[in-house]
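Okay, so here's the structure we're looking at.
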Amino acid sequence: MTTTTNPPPSIMQKSLFSLTWPIFIDTLMVFLINAADAWFLSQESDEAAAAVGAVLPIAGMCFSFFIALNAAGTAVAAQHLGKQYSAGQAGGNTVAHTFGALLILCAFAGVCISLLLLVFSAQFTALMGLTGSAATTASTYLHTLGFGTLILALRFGGSAMLQAHGKTQWNMVCTGLMTAVNIFFNYAFIYGAFGLPVLGVLGIALATCIAWGINLIATFTTLYFLRIQFTLPESLRTLNVNMRPILTIAIPSALEPLAWHISQLIIMSMIVSMGHVALATRVYAFNIIFIVIIFTSALSAGIQLKVAYLFGARQFITMHNTLKKGVWQGLLVVLFMTGSVYLFAAQLLGLFSQNTAVIALGTSILAVAVFTEVGRLLNMVVGFSVKVTGNAQFIATFGITAMWFIALPLTWLLGVHWGYGLLGIWLAMGVDECFRGGVATWYWYRKQHARVAHL
């Protein structure tokens with residue numbers, strides 16, 4: 001299929017807020033799936049929630065490839081749309097070919113990750129140091145997710161097509177449907193409602209796969225009615241031409257979170273060695289603070305979309321001002337959100353556990369999160385903008401180096417060697433995020449000066 005519509009001016013005309021708030025709600029509802037899973041697992045036991053929480057970084061590491069392809073496909077398509085709008089050109093064949101290549105890349109990644117989870121779920125569980133019933137629980141969860149991974153990958157491809165055209169509100173609607181389906185089947189499989197069997201952890205994972213399937217159907221139905229189309233490549237040469245710019249952004253963008261997730265596996269193994277309280281606290285505190293991470297992710301996605309569009313249109317000064325304004329607004333919101341979470345830490349943690357040790361440790365973690373999330377905002381928002389303007393390799397190289405030679409040693413030093421435990425680990429994470437965010441900001445200003453000088 002090919003599209004023949006003019007490149008839409010909607011991204012240029014839309015405010016950052018109008019692009020970002022649907023992404024925030026969309027990502028929030030994805031988080032609600034994780035939070036609902038954690039809550040339903042906690043109804044089984046703290047041990048079940050902790051076991052699944054211990055292997056979630058493995059699932060996150062696998063799914064980071066889909067996220068990278070989604071972001072890269074969105075950025076490349078937005079750049080093409082910006083160029084077409086700036087030049088007043090008609091036709092969208094380049095964008096349609098980009099979407100076709102993106103879907104093939106997503107399908108290939110989905111098959112590979114699916115096979116990985118189906119075959120090696122037990123080995124991944126053992127890698128995290130889990131044994132006995134905890135290992136069985138975690139392995140069942142990962143193995144079941146493997147059956148739905150291809151569906152999830154294609155869903156990310158369809159989501160990128162909507163996002164590149166500025167239709168972020170439709171992604172929000174499709175994800176809302178997915179969230180409702182997930183919660184419904186979680187309830188049904190945990191309590192045996194509506195005549196369905198009681199499946200425990202297997203049911204939690206199965207509910208997630210069913211929800212992914214519904215989301216995929218809703219996303220491509222929306223694309224059909226909005227007449228956002230794609231062209232599958234007719235030859236390997238055409239595929240190569242159209243996937244190269246996607247992979248130029250996606251590969252570095254995937255390597256950095258991949259390295260982050262690997263580092264998280266190492267950190268998680270440290271936390272596992274600290275005992276059940278530390279592990280459960282990490283799961284619950286992360287679920288709570290994740291609403292701030294969701295905001296940061298949504299803001300970075302909205303800014304990335306506008307930056308890529310303006311970069312393609314060569315409106316560098318407007319692009320820089322858009323980023324700068326977004327960062328300052330984001331910092332104010334993050335400080336408000338993390339401060340509010342800390343003030344109500346005991347009540348929020350009490351939703352997951354009545355263990356006083358978990359609540360006390362979690363409250364300390366949420367205090368440190370005020371510092372950590374400021375650094376994360378700079379790192380994600382500015383770092384993503386650097387990536388989509390042709391400098392993905394620098395961000396990836398520096399980010400990986402900082403993780404392995406600063407973050408991990410500091411984590412071991414504070415958390416294990418000096419005995420500050422989970423609190424020390426969280427503090428080390430904050431130092432890493434702030435350092436990488438600071439370097440990304442410096443690099444952006446350096447490149448922006450060069451871009452403006454050549455106008």
Side-chain angles (χ1 to χ4, degrees), residues 53-69 71-72 113 124 127-129 249-274 278-279 282-283 285-286 289-290 292-294 296-297 300 304 334 365 368-369 371-388 391-418 420-444:
V55 295
L56 281 179
I58 294 175
M61 179 176 64
C62 293
F63 300 157
S64 66
F65 290 101
F66 309 152
I67 296 171
L69 286 171
I113 298 302
F124 286 140
L127 183 66
M128 297 310 302
I249 297 175
I251 291 177
S253 296
L255 289 177
E256 186 185 1
L258 177 62
W260 183 84
H261 282 295
I262 293 174
S263 71
Q264 289 302 298
L265 294 180
I266 297 173
I267 292 172
M268 185 63 76
S269 66
M270 296 182 195
I271 298 173
V272 168
S273 68
M274 294 174 185
L279 183 56
R282 188 267 176 195
V283 173
F286 191 79
I289 205 64
F290 204 64
V292 184
I293 300 175
I294 287 170
T296 301
S297 176
S300 65
Q304 171 187 303
V334 163
I365 295 301
V368 174
F371 159 72
T372 303
E373 297 312 312
V374 166
R376 195 190 308 274
L377 181 134
L378 281 176
N379 184 29
M380 289 184 67
V381 173
V382 183
F384 275 38
S385 296
V386 171
K387 288 177 185 178
V388 301
N391 300 283
Q393 186 174 359
F394 169 79
I395 290 295
T397 302
F398 173 75
I400 293 170
T401 302
M403 285 178 216
W404 288 93
F405 294 98
I406 297 176
L408 275 178
L410 188 60
T411 296
W412 175 83
L413 184 66
L414 292 176
V416 179
H417 184 67
W418 286 350
Y420 288 102
L422 187 62
L423 186 62
I425 288 175
W426 222 280
L427 184 60
M429 288 166 51
V431 172
D432 171 57
E433 294 286 357
C434 287
F435 180 61
R436 287 193 286 141
V439 171
T441 302
W442 164 79
Y443 192 80
W444 172 270

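- For the pair V381 and S385, the tightest heavy-atom approach, listed with the atom from each and the gap, is O-OG, 3.0 Å.
- The two residues E433 and N379 come nearest to each other via the heavy atoms OE1-ND2, 3.0 Å.
- How far CE of M403 is from CD1 of I266: 12.0 Å, rounded to the nearest 0.5 Å.
- When every heavy atom of T372 is checked against every heavy atom of G430, the shortest pair comes out as OG1-CA, 3.4 Å.
- Counting only heavy atoms from C-beta outward, the side chains of V368 and L423 approach each other to under 4.5 Å.
- Going from atom CD of E373 over to atom CE of M429 covers 7.5 Å, rounded to the nearest 0.5 Å.
- Atom CG of residue D432 and atom CH2 of residue W404 lie 12.0 Å apart, to the nearest 0.5 angstrom.
- With contacts defined as side-chain heavy-atom distances shorter than 4.5 Å, the pair I425/Y420 does not qualify.
- Across all non-hydrogen atoms, the minimal contact from I249 to K387 is CG1-O, 4.3 Å.
- Considering only heavy atoms from C-beta on, R282 stays 4.5 Å or farther from I365 through its side chain.
- Aromatic ring orientation, F394 versus Y443: parallel (interplanar angle below 30°, classes split at 30° and 60°).
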Original post:
Given F398 and V439, is the side chain to side chain contact (heavy atoms under 4.5 Å, CB included) satisfied, shown in steps?
Top reply: CA-CA 9 Å; F398 173 75; V439 171; 3.3 Å; yes

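- Looking at F371 and L427, their side chains come closer than 4.5 Å, going by heavy atoms from C-beta outward.
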**OP:** Let me see the working for I293 and F286 under side chain to side chain contact (heavy atoms under 4.5 Å, CB included), right down to the final yes or no.
**Re:** CA-CA 9 Å; I293 300 175; F286 191 79; 3.9 Å; yes

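- From I251, atom CD1 reaches atom CZ of F65 across 10.0 Å, with rounding to the nearest 0.5 Å.
- Between A285 and W426, the shortest heavy-atom contact is CB-CH2, 4.4 Å.
- The distance from the CG atom of L377 to the OG atom of S297 is 11.0 Å, given to the nearest 0.5 Å.
- Considering all non-hydrogen atoms of both residues, T411 and M270 come closest at CG2-SD, 4.0 Å.
- Remark: F405 CZ to I400 CD1 distance equals 11.0 Å, nearest 0.5 Å.
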